[in-house]
Amino acid sequence: QFQVAESGGDLVQPGGSLRLTCVASGISFRVMAWHRQAPGKPREMVARIKGSNDIIYADSVKGRFTISRDVPKNAIYLDMTNLSPEDTAVYYCSGADTYWGQGTQVTVSF
């Protein structure tokens, strides 16, 4: 069975940093991505990685978020810096845009 699972969500103060982790099991996905959904808003793609270095970011996170892949661990990461309250959302990982995790909550607040 193919699965992805996120972890690392937390409460962080504005201006702070956080790392999210997504581990895939059962298969290595060539395309993996991070998405987020804030209350009352549609889900949006945050960052996508294809292979090792074919990467795209949403305009709202460019320069602040970094997606990376750890091939031996079959994992991807999302390093988030200079967080703002607008980044508060449930963050989801996807594999091949088909397999989704349960989400991890990121809250940016004092």
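If you read the sequence from its start, that first residue is 1, and numbering goes on from there.
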Worksheet item: Among all residues two or more places apart in sequence or in another chain, which pass the side chain to side chain contact (heavy atoms under 4.5 Å, CB included) test with Gln102?
Response: none

Worksheet, complete the sentence: Here the salt bridge (charged side-chain N to carboxylate O under 4.0 Å, His left out) pairs for residues 2-11, sequence neighbours left out, are none

Name the atoms and distances for all side-chain donor-acceptor pairs under 3.5 Å in residues 103-110, with sequence neighbours left out.
from   : atom 1 : to     : atom 2 : distance (Å)
Thr104 : OG1    : Gly9   : N      : 2.9
Gln105 : NE2    : Ala89  : O      : 3.4
Gln105 : NE2    : Thr107 : OG1    : 3.3

Discussion item. To the closest 0.5 Å, what do you measure between CD1 (Ile76) and OG (Ser68)?
Written reply: 8.5 Å

Item to complete: Would you give the length of the straight line joining atom CD1 of Ile67 to atom CE of Met32, rounded to the nearest 0.5 angstrom?
Response: 8.0 Å

Discussion item. Could you see if Val23 belongs to whatever hydrophobic cluster contains Leu18? Use Ile, Leu, Val, Met, Phe, Trp, Tyr and a side-chain cutoff under 4.5 Å.
Written reply: no

Worksheet item: If you round to the nearest 0.5 Å, how far is CH2 of Trp34 from CE of Met80?
Response: 8.0 Å

Discussion item. So Met45 and Ile56, do their side chains get closer than 4.5 Å, heavy atoms only?
Written reply: yes

Worksheet item: Same hydrophobic cluster for Val4 and Ile55, using side-chain heavy-atom links shorter than 4.5 Å among ILVMFWY?
Response: yes

Fill in: Derivation of the side chain to side chain contact (heavy atoms under 4.5 Å, CB included) call for Lys50 and Arg30
CA-CA 6 Å; Lys50 180 178 179 181; Arg30 179 166 175 78; 3.8 Å; yes

Worksheet item: Hydrophobic clusters join Ile, Leu, Val, Met, Phe, Trp and Tyr when side-chain heavy atoms are under 4.5 Å apart, directly or via other members; which others share one with Val90?
Response: Tyr92, Trp100

Item to complete: To the nearest 0.5 angstrom, please state how far the CD atom of Gln1 sits from the OG atom of Ser25.
Response: 8.0 Å

Fill in: Within residues 68-82 or reaching into it, pairs that qualify as salt bridge (charged side-chain N to carboxylate O under 4.0 Å, His left out) - sequence neighbours excluded
Arg19-Asp79

Worksheet item: With Lys41, which residues qualify under side chain to side chain contact (heavy atoms under 4.5 Å, CB included), at least two apart?
Response: Ala38

Fill in: side chain to side chain contact (heavy atoms under 4.5 Å, CB included) partners of Arg64, counting only residues at least two apart
Val61, Thr81, Asn82, Asp87

Worksheet entry | Residue pair Ala24 / Ile27: nearest heavy atoms and the distance that separates them | CB-O, 3.8 Å

Discussion item. I'd like to know whether Tyr57 forms a side chain to side chain contact (heavy atoms under 4.5 Å, CB included) with Val46, so could you lay out the CA-CA distance, the side-chain angles of the two residues, the decisive distance to 0.1 Å, and finally the verdict.
Written reply: CA-CA 6 Å; Tyr57 293 101; Val46 174; 5.8 Å; no

Practice prompt. Output every pair passing disulfide (SG to SG under 2.5 Å) with a member in residues 20-110, not counting sequence neighbours, ordered by first then second residue.
Written response: Cys22-Cys93

Worksheet item: Tyr77: what forms a ring-ring contact (aromatic ring centres under 6.0 Å, His included) with it, not counting sequence neighbours?
Response: none

Worksheet entry | Pairing residues for Tyr91 by the ring-ring contact (aromatic ring centres under 6.0 Å, His included) criterion, not counting sequence neighbours | none

Fill in: Under the side chain to side chain contact (heavy atoms under 4.5 Å, CB included) test, residues paired with Ala96 that sit two or more places apart
Phe29, Thr98

Fill in: salt bridge (charged side-chain N to carboxylate O under 4.0 Å, His left out) contacts in which one or both residues fall within residues 93-110, not counting sequence neighbours
Arg48-Asp97

